[in-house]
Q: 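Got a structure for you, written out below as structure tokens; questions coming shortly.
What you are looking at is a predicted structure, and each value in this text was computed from that prediction instead of being measured.
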Amino acid sequence: VKADRIENYIFAWDNEKIIERRMPTKADVIRWFKRSIIGIDQFRLYFRQLGFIESDIDNYVAQIGASETETLQDDLIGT
């Protein structure tokens with residue numbers, strides 16, 4: 001590889017920013033919902049972003065006692 005190409009690659013790599021997005025954990029999302037920091041729509045969105053399928057998300061919503069009206073039973077699952 002010629003020196004000028006190497007310089008171009010190095011310049012490109014220096015200017016290319018790799019952004020790593022950290023995701024909250026499942027426990028974080030459940031805790032945020034429990035504390036009313038996020039609503040049910042955000043709860044579902046985070047779980048989708050974490051890779052859960054809709055039927056599993058529905059099961060988590062049922063397990064924590066949430067409804068589509070954003071209510072929550074006191075006996076939230078342990079996180």
Q: Do the side chains of Arg31 and Asp28 get close enough for a salt bridge, i.e. N-O under 4.0 angstrom?
A: yes

Q: Looking at residues at least two apart in the chain, or sitting in another chain, which of them share a salt bridge (Lys or Arg N to Asp or Glu O under 4.0 Å) with Glu7?
A: none

Q: So do the side chains of Arg44 and Asp58 get within less than 4.5 Å of each other, counting heavy atoms only?
A: yes

Q: Look at the rings of Phe47 and Tyr60 and say which category their plane angle falls in: under 30° parallel, 30 to 60° tilted, over 60° perpendicular.
A: tilted

Q: Side-chain heavy atoms nearer than 4.5 Å, only ILVMFWY residues, links allowed to pass through others: does that put Phe52 and Leu45 together?
A: no

Q: Could you check Lys34 against Ile64 for side chain to side chain contact (heavy atoms under 4.5 Å, CB included), going step by step and ending with a plain yes or no?
A: CA-CA 9 Å; Lys34 180 182 179 184; Ile64 64 173; over 6 Å; no

Q: Considering residues at least two apart in sequence or located in another chain, which fulfil the ring pair (Phe, Tyr, Trp, His ring centres under 6.0 Å) criterion with Tyr46?
A: Trp32

Q: What distance separates Lys26 NZ from Leu50 CG, expressed to the nearest 0.5 Å?
A: 9.5 Å

Q: Output the distance between atom CZ (Phe33) and atom CD1 (Ile40), rounded to the nearest 0.5 Å.
A: 4.0 Å

